[in-house]
Amino acid sequence: MKIATWNVNSLNVRLPRLLEWLPLAQPDVLCLQETKLEDVKFPRREIEDAGYVAHFSGQKTYNGVALLVRAGLGPAADVTTALPGFTDEQKRVIAGTVGTTRVVGFYVPNGQAVDSDKYRYKLGWCAAATAYLSAELAAHPSLAVVGDFNIAPEDRDVHDPAAWAGQVLCSDAERAVFRDWLALGLADGFRLFEQPPATFSWWDYRQLAFPKNRGLRIDHVLLSPPLAARCQSCRIDRNARKGDKPSDHAPVIADVADA
DNA sequence: ATGGCTGCTTTGAGCAGA
């Protein structure tokens, strides 16, 4: 099963690129972030025509997540769209069960700047997410947690670690959250394999960041032990960042062999 | 390249993203 995540930065703008990418990448499950669409405006039919069942939780302007499942495998069961015990207007979570695999899609808050209100919101959100993932793992041995985490876990995930030291996305508290999630028993799918140095998943639109490869690895696929043991590959599709009207994020795709 | 982004919004300057 190919499990993927992609922050599309407006599904309205990115739909043509998504429809072009789906047959190339052929994910079985795809989590989207920053759809920025109210549910009534979600392009359900276009995605169905592409061979996918869509679940979604959106809002106007900001945030918004979706879970796409290949038609033969979907729809997902037991779909949920919130962190238990964390009251939040922002649509950042979607989870569903596909076969025996539980897939959780996150759009973790950006945090804007260390010590800002948005940063405090990010850390509170993450604390609730940690508790949620602990419970999800207990209930679902086969668990994949994917999405835009807005955390660059280590210096090697940052094009210029000195410039980013202590900044939002790289701060100690954010990196501690990522380690907390690994400590639950999840593996960073990308790091299960040898990877080219300076592989990133996000590049700023400004200052030629993409051609200069000045990026960050902030989009992730975490896998519980049974899935990690069967994972054959995990890669970032840099090609999807090229060309006209790209998202500023590239997709991450993990290929997990059937049990 | 002596500036250099994109998408959204009660349409247009300001916010947000990361």
Side-chain angles (χ1 to χ4, degrees), chain A residues 5-18 21 31-43 56-66 88-93 105-126 129 146-178 190 198-220 236 238 240-252:
Chain A
T5 177
W6 194 5
N7 179 325
V8 290
N9 184 21
S10 170
L11 185 54
N12 189 39
V13 172
R14 223 64 63 200
L15 183 62
R17 296 206 46 143
L18 174 65
W21 183 81
C31 291
L32 301 177
Q33 302 87 39
E34 288 206 81
T35 56
K36 303 186 181 179
L37 285 175
E38 292 172 289
D39 289 348
V40 291
K41 297 190 174 174
F42 194 91
F56 40 87
S57 176
Q59 64 186 99
K60 196 157 82 166
T61 312
Y62 301 117
N63 311 310
V65 288
D88 194 2
E89 299 298 310
Q90 303 188 21
K91 306 301 188 188
R92 298 180 173 277
V93 178
F106 278 167
Y107 175 45
V108 177
N110 170 280
Q112 198 169 59
V114 171
D115 290 334
S116 65
D117 286 346
K118 287 178 180 172
Y119 183 80
R120 284 181 284 278
Y121 163 71
K122 179 179 195 173
L123 294 183
W125 191 99
C126 286
V146 311
D148 175 358
F149 288 19
N150 272 316
I151 299 171
E154 299 178 43
D155 279 353
R156 60 178 167 165
D157 301 310
V158 179
H159 68 88
D160 185 346
W164 280 88
Q167 301 295 309
V168 73
L169 315 185
C170 299
S171 71
D172 290 343
E174 294 165 270
R175 287 179 167 179
V177 167
F178 191 88
F190 184 78
T199 301
F200 307 122
S201 68
W202 170 85
W203 302 261
D204 200 300
Y205 283 124
R206 294 167 290 187
Q207 297 180 283
L208 302 174
F210 181 64
K212 293 178 173 175
N213 196 34
R214 298 174 64 83
L216 304 175
R217 189 174 71 96
I218 55 176
D219 300 88
H220 302 291
I236 296 171
R238 203 171 188 286
R241 180 64 173 75
K242 298 176 181 173
D244 285 339
K245 289 254 170 202
S247 170
D248 44 357
H249 295 252
V252 187

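None of the values given here were measured: they were computed from a predicted structure. Residue numbers start from 1 in every chain, and the chains themselves are labelled A, B, ... in the order their sequence lines are given, proteins ahead of strands.
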Review point. For B:dG17, does either OP1 or OP2 sit under 4.0 Å from a side-chain N or O belonging to A:Asn7?
Key: no

N or O in side chain of A:Tyr107 less than 4.0 angstrom from B:dA18 OP1/OP2 | yes

| If you look at every strand shown and take non-hydrogen atoms under 4.0 Å, does A:Glu34 touch a base, only sugar-phosphate, or nothing? | sugar-phosphate

Separation of B:dG7 atom P from A:Asp244 atom CG, nearest Å, is 11 Å

| field | A:Asp155/A:Arg175 salt bridge by N-O under 4.0 Å criterion | value | yes

**Item:** Nearest-angstrom distance, P atom, B:dG7 to B:dA18
**Value:** 14 Å

inquiry  = Tell me whether A:Asp160 at atom CG has more than 12 heavy atoms from other residues, nucleotides or ligands lying less than 6.0 Å away.
reply    = yes

Phosphate-side-chain proximity, A:Lys245 and B:dC5, N/O vs OP1/OP2 below 4.0 Å | no

Please confirm whether A:Arg217 makes a cation-pi placement over A:Phe200, using NZ or CZ under 6.0 Å from the six-membered ring centre and within 45° of the ring normal. no

Exercise for the section: Report yes if a side-chain nitrogen or oxygen of A:Thr61 is closer than 4.0 Å to either non-bridging phosphate oxygen (OP1 or OP2) of B:dA16; otherwise report no. Expected result: no

ask   = Is any side-chain N or O of A:Arg14 closer than 4.0 Å to OP1 or OP2 of B:dG7?
value = yes

OP1 or OP2 of B:dT10 versus the side-chain N and O atoms of A:Lys60: is any pair under 4.0 Å? yes

Below 4.0 Å: OP1/OP2 of B:dA16 and any side-chain N or O of A:Lys118:
yes

**OP:** Answer yes or no: does a side-chain N or O of A:Asn9 lie under 4.0 Å from OP1 or OP2 of B:dT6?
**Re:** no

With sugar-phosphate meaning primed atoms plus P, OP1 and OP2, does A:Asp219 contact a base, only sugar-phosphate, or nothing at under 4.0 Å between heavy atoms? nothing

**Asked** Between the base of B:dA18 and the side chain of A:Asn110, is there any donor-acceptor pair under 3.5 Å?
**Response** yes

Heavy atoms under 4.0 Å, any strand shown: does A:Leu169 hit a base, just sugar-phosphate, or nothing? sugar-phosphate

side-chain N/O A:His249 vs B:dA18 OP1/OP2, d < 4.0 Å = yes

Given the options A:Val158, A:Asn110, A:Ile151, A:Leu169 meets side-chain contact (heavy atoms from CB on, under 4.5 Å) only with A:Asn110

